[in-house]
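These numbers come from the heavy atoms of this one structure, side chains and all, not from hydrogens, waters or symmetry mates. Computed from a prediction, not measured in an experiment: that's the story for all the values here. In this chain, residues are counted from 1 in sequence order.
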Amino acid sequence: IEAEQVLENELMPALDSLQDAIQSEIIYNEKLAKEGMEKAALEKNASEKFSMIVAIISLGLLFLISHFVFKSLKLQLGLEPRKLTELAKEFANGNLSSPIALSKSDNTSVAYSIKSLQDTLKEIVQELNKVSGHHESGDVDAVIDDKRFKGSYGDMARGINRMVKMHVNSTKEVVSVADAFGKGNFDAPLAAFPGEQAYINVTIEKVRSNIKDFIVDMNFMSKEHEVGNNDVFINEDKFNGAYKEMALGL
């Protein structure tokens with residue numbers, strides 16, 4: 001009876017209190033779990049929003065960077081890369097007339113350099129055509145104004161002038177010897193020409209030799225006739241063409 005009273009009066013209330021405490025703990029834990037889930041959901045949403053904001057900002061920065069890079073690149077190139085490629089192909093094909101439109105303030109871009117190259121090449125071509133026209137009209141002393149060009153272009157112009165002067169001087173020397181031949185001076189010297197131009201010396205010397213041989217044979221025949229040897233004749237078989245005709249005539 002005492003045990004039942006202790007169980008009923010002390011142990012059962014204690015068990016009820018323990019059960020209430022456990023139930024309260026369970027409810028509290030469920031509340032914490034629910035709050036944690038709600039907090040996690042809020043943090044997840046915040047994280048997603050933050051990630052979206054970061055992505056948008058990153059894209060915006062990328063766009064701005066790309067814009068400034070493209071703008072800087074365009075300032076450096078002066079024209080679109082495709083247009084520069086087309087100009088390079090036109091240059092390679094010898095077409096120097098393609099228009100290159102630049103802004104008035106552009107004096108540093110790649111396109112500006114290409115236009116400068118185009119202008120220089122066009123000027124060289126114009127000079128060459130002008131000098132060629134002078135030579136065709138007989139003004140063989142005309143040369144390129146090499147002072148108008150710089151660097152390798154100036155060297156090229158001076159090289160062309162040297163080549164032209166060399167050929168003109170060669171012609172003048174040959175004409176001078178031919179003039180001397182016309183005046184009866186068959187001993188007029190002719191400087192030796194280099195390389196393939198040596199054929200000029202061979203030709204002039206052949207002319208000189210034919211004339212001098214003809215004169216020697218003619219003088220020999222004349223002297224023989226003066227002493228009465230009238231049967232002495234020039235050996236016309238030694239000569240060809242007009243020289244042979246003159247020998248036959250004599």
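- With Q118 contributing its side chain and L96 its backbone, the two residues share a donor-acceptor pair below 3.5 Å.
- The closest donor-acceptor contact from the side chain of N229 to the backbone of H225 lies at 3.5 Å or more, if one exists at all.
- What you find for S98 and L87 is that their closest heavy atoms are CB-CD2, 3.7 Å.
- In this structure, R148 CZ and T120 OG1 are separated by 10.5 Å, a value rounded to the nearest 0.5 Å.
- Taken together through direct or relayed side-chain contacts under 4.5 Å among Ile, Leu, Val, Met, Phe, Trp and Tyr, F233 and V216 form parts of separate hydrophobic clusters.
- By the rule that hydrophobic residues join a cluster once side-chain heavy atoms approach within less than 4.5 Å of another member, V143 and V125 end up as members of separate clusters.
- D155 has a carboxylate O that lies under 4.0 Å from a charged side-chain N of R158, or vice versa, which qualifies the two as a salt bridge.
- Residues E205 and R208 are paired through a salt bridge, judged by an N-O separation under 4.0 Å between the basic side chain and the carboxylate.
- Linking Ile, Leu, Val, Met, Phe, Trp and Tyr residues whenever their side-chain heavy atoms come within less than 4.5 Å places F186 and V174 in a single cluster.
- Interatomic distance, CD of E127 versus NZ of K130, reported as 4.0 Å (0.5 Å rounding).
- How far CG of N95 is from CD of E90: 4.5 Å, rounded to the nearest 0.5 Å.
- Side chains of N161 and D146: a donor on one and an acceptor on the other come within 3.5 Å.
- The CD1 atom of I57 lies 11.5 Å from the CG atom of L64; values are rounded to the nearest 0.5 Å.
- At most 12 non-hydrogen atoms from other residues, nucleotides or ligands lie less than 6.0 angstrom from CD of Q19.
- Contact annotation: the side chain of V54 approaches that of S58 to within less than 4.5 Å [non-hydrogen atoms, C-beta and beyond].
- Residue Y199 holds its OH atom at 7.0 Å from CD of Q197, rounded to the nearest 0.5 Å.
- Under the 4.5 Å side-chain heavy-atom criterion for Ile, Leu, Val, Met, Phe, Trp and Tyr, V131 and Y153 are members of the same hydrophobic cluster.
- For D179 (side chain) and V175 (main-chain N/O), no donor-acceptor pair under 3.5 Å exists by modelled atom type.
- At most 12 heavy atoms of other shown residues, nucleotides or ligands fall within 6.0 angstrom of atom CD in E196.
- Formation of a donor-acceptor pair under 3.5 Å by the S132 side chain with backbone atoms of L128 is not found in this model.
- Using modelled atom types, one side-chain atom of N210 and one backbone atom of K206 make a donor-acceptor pair closer than 3.5 Å.
- Of the inter-residue distances, the one linking F149 atom CZ with I124 atom CD1 reads 5.0 Å to the nearest 0.5 angstrom.
- At most 12 non-hydrogen atoms from other residues, nucleotides or ligands lie less than 6.0 angstrom from CZ of F50.
- With respect to D217, the salt bridge (charged side-chain N to carboxylate O under 4.0 Å, His left out) criterion is satisfied by exactly one of K238, K212, K223: K238.
- The cluster map of Ile, Leu, Val, Met, Phe, Trp and Tyr, joined by side-chain heavy atoms under 4.5 Å apart, puts I100 and L121 in the same cluster.
- Of all heavy-atom pairs between N185 and F181, the closest is O-CD1, 3.3 Å.
- A salt bridge links K172 with D141: at least one charged nitrogen is closer than 4.0 Å to a carboxylate oxygen.
- The shortest heavy-atom contact between I211 and Y243 is CG1-OH, 3.4 Å.
- The aromatic rings of F214 and F239 sit perpendicular, their planes meeting at an angle over 60°, well past the 30° parallel limit.
- S137 contributes a side-chain N or O that, together with a main-chain N or O of G133, makes up a donor-acceptor pair within less than 3.5 Å.
- Taking both residues in full, the closest heavy atoms of I234 and A247 are given as CG2-CB, 3.9 Å, listed atom of the first, atom of the second, then distance.
- In terms of heavy-atom proximity, H134 sits nearest to A142 at CB-CB, 3.5 Å.
- Sequence neighbours left out, not one pair with a member in residues 27-37 passes salt bridge (charged side-chain N to carboxylate O under 4.0 Å, His left out).
- Proximity of V177 to E173: side-chain heavy atoms (C-beta onward) are nowhere separated by under 4.5 Å.
- Identified under the salt bridge (charged side-chain N to carboxylate O under 4.0 Å, His left out) test for residues 50-61, with sequence neighbours left out: none.
- A heavy-atom distance below 4.5 Å is not found between the side chains of T171 and V140.
- In this structure, V164 and H135 approach most closely via the heavy-atom pair CG1-CE1, 3.2 Å.
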